[in-house]
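A, B, ... follow the sequence lines: proteins, then strands. Residue 1 opens every chain.
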2 protein chains.
Amino acid sequence: MSPKPMARPGGRSARVQEAVHAAVRELEAEQGRAKLTVPAVAARAGVTPSTIYRRWGDLQELLSDVAVERLRPEEPPSDHGALHADLTAWARQFLDEMASPPGRAYVRDALLGDPDGSNAGQCSAYAAGQVETILARALDRGETAPPVETVMDLVVAPMMYRILFRPDPLTAAYADHLVETALAAPEESA
Amino acid sequence: MSPKPMARPGGRSARVQEAVHAAVRELEAEQGRAKLTVPAVAARAGVTPSTIYRRWGDLQELLSDVAVERLRPEEPPSDHGALHADLTAWARQFLDEMASPPGRAYVRDALLGDPDGSNAGQCSAYAAGQVETILARALDRGETAPPVETVMDLVVAPMMYRILFRPDPLTAAYADHLVETALAAPEESA
DNA sequence: ACCTTAAAGCAACATCATTGCGTTCCGCCC
DNA sequence: GGGCGGAACGCAATGATGTTGCTTTAAGGT
């Protein structure tokens, strides 16, 4: 649901949506979240506040929308020629991005203004898609690979849990450890 | 940080805090979250809105505060005489409570109004404490038990991840599966 | 019992959220 | 290609919420 279902996808609506999203990114970068308010975003985007309220409902939903867009992976995971190397590299990068202060903020925002959970589902789908790509490549090479669900449970979930629920810093070594566990696990799954 | 650090713990401050918390619970039960607003809570609690704004900052922090209180376990996990049975029973109950609509709401609230992450950390600490109790009992009996961190990573984290990021319903069988995995894991950890 | 001071009350003010109505412009069909 | 229907936007007024300085109360220490 990143871009809300637009009955009128082209032209002005699209321009407004882009302008508003850009305004959010700019204001966030310039003044931080505290100064982010619907009227402020509207002014920067050259739109009236009522437009934003009508399209997004409130600030949280708008931020959630923007956050999900930022969390969308921009390219498929890099190919290192072997499952273990691919997964390790991906997990490290994922942890790095998500555990960073901006990453944490995006995740929180995505979860926040999301009454039906569709934005959060989208985030999970992004990660699952990346993992899926890595595993499919491994199978293509003739390697044995665990199911996606196993990797989600053993690698992605622990990282996200710690990011959300624990203040402690996280290291690449932790990501490596989780990958080891996942690849050592029996091949069946939930 | 459930009860904010009160320089004046006794007497009126305590009464006000309790009244406000009670007002939140009542209004939430009576009218749902949509109608929950700071002035409304203040009116029900018999306080002025400014008191709430000063003590909690905004509605989200107040809700986070109340949510954490509700997530505090009320009793130690039940003792079934064996590690496997104890963990399975606890995991099922935990999943049941957290995956329910009110449970999801509390978790989200707790994460939400929590700039420094201390409330979220408290939630995690509650779960870790319960697990710790179960594992300590097992060791007392002479059973071998994995470290707390392993159980957090292999049982708690996957459940919370799915609760937060996926709309799909979760079953007791899933909790059982996670416990199996955790108890089958090698004894070392992160 | 007094003094100190954190915390609550009060009230005015600023800002934000909401809504009805008129206008614009997209997308479609003739 | 020109007009038609309707969705989305702009504008402006209104009500609700968030914010702040000053005053008053009462808890806790001396």
Side-chain angles (χ1 to χ4, degrees), chain A residues 1-24 26-28 30-66 69 109 112-115, chain B residues 1-24 26-28 30-66 69 109 112-115:
Chain A
M1 193 184 267
S2 260
K4 289 255 170 184
M6 260 184 294
R8 208 52 87 64
R12 187 167 61 166
S13 294
R15 268 199 311 281
V16 168
Q17 160 148 349
E18 181 44 37
V20 169
H21 277 216
V24 169
E26 291 169 18
L27 286 179
E28 191 170 4
E30 290 172 18
Q31 318 187 338
R33 284 271 275 314
K35 298 278 182 182
L36 261 187
T37 177
V38 172
V41 172
R44 167 66 68 110
V47 202
T48 60
S50 64
T51 295
I52 293 183
Y53 287 119
R54 277 201 234 276
R55 265 175 80 80
W56 282 278
D58 63 8
L59 182 64
Q60 287 186 355
E61 286 190 47
L62 172 57
L63 290 181
S64 179
D65 216 38
V66 174
E69 269 202 21
D109 283 344
L112 217 103
D114 192 18
Chain B
M1 195 181 267
S2 260
K4 290 254 168 180
M6 259 183 294
R8 211 44 90 63
R12 186 166 64 164
S13 293
R15 268 198 312 279
V16 167
Q17 161 149 347
E18 181 44 36
V20 170
H21 277 216
V24 169
E26 292 169 17
L27 286 178
E28 190 170 5
E30 290 174 18
Q31 318 187 338
R33 285 270 274 313
K35 298 277 181 181
L36 262 186
T37 179
V38 172
V41 171
R44 167 68 66 110
V47 252
T48 61
S50 65
T51 296
I52 293 184
Y53 288 120
R54 277 203 235 273
R55 265 175 79 81
W56 282 277
D58 63 7
L59 182 64
Q60 288 187 354
E61 285 189 49
L62 171 57
L63 290 181
S64 180
D65 216 37
V66 174
E69 269 202 22
D109 283 345
L112 217 105
D114 192 18

Whole angstrom is fine here: how far is it from CH2 in A:Trp56 over to C1' in D:dA8?
-> 11 Å
Rounded to the nearest Å, what distance is computed from the NZ atom of residue A:Lys35 to the P atom of nucleotide C:dC16?
-> 10 Å
For side chain to side chain contact (heavy atoms under 4.5 Å, CB included), just list the numbers for A:Glu28 and A:Leu36, CA-CA rounded to whole Å, side-chain angles, deciding distance to a tenth of an Å, and then say yes or no.
-> CA-CA 7 Å; A:Glu28 191 170 4; A:Leu36 261 187; 4.1 Å; yes
Just how far is it from atom CG of B:Asp65 to atom NE2 of B:His21, taken to the nearest 0.5 Å?
-> 4.0 Å
Of B:Arg54 and B:Leu59, the one whose closest DNA chain D nucleotide lies more 5' = B:Leu59
Any donor-acceptor pair under 3.5 Å linking the side chain of A:Asp58 with the backbone of A:Glu61?
-> yes
Would you say a side-chain N or O of A:Thr48 is under 4.0 Å from OP1 or OP2 of D:dG10?
-> yes
Give the rounded distance in Å between these two atoms: CD1 of A:Ile52 and P of C:dT18.
-> 13 Å
So does A:Ser50 reach the base of D:dC9 with its side chain, donor to acceptor, closer than 3.5 Å?
-> no
Please walk me through it: do A:Arg44 and A:Glu30 pass salt bridge (Lys or Arg N to Asp or Glu O under 4.0 Å)?
-> CA-CA 12 Å; A:Arg44 167 66 68 110; A:Glu30 290 172 18; 2.9 Å; yes
Report yes if at least one side-chain N or O of A:Arg15 is closer than 4.0 Å to OP1 or OP2 of D:dC9; otherwise report no.
-> no
Would you say B:Thr37 reaches D:dT17's phosphate, i.e. side-chain N/O to OP1/OP2 under 4.0 Å?
-> yes
In whole angstrom, give the distance that lies between atom CG of A:Leu36 and atom P of C:dC16.
-> 11 Å
Nucleotide of D:dC22, C:dC16, C:dT19 approaching A:Pro39 most closely (side-chain heavy atoms) = C:dC16
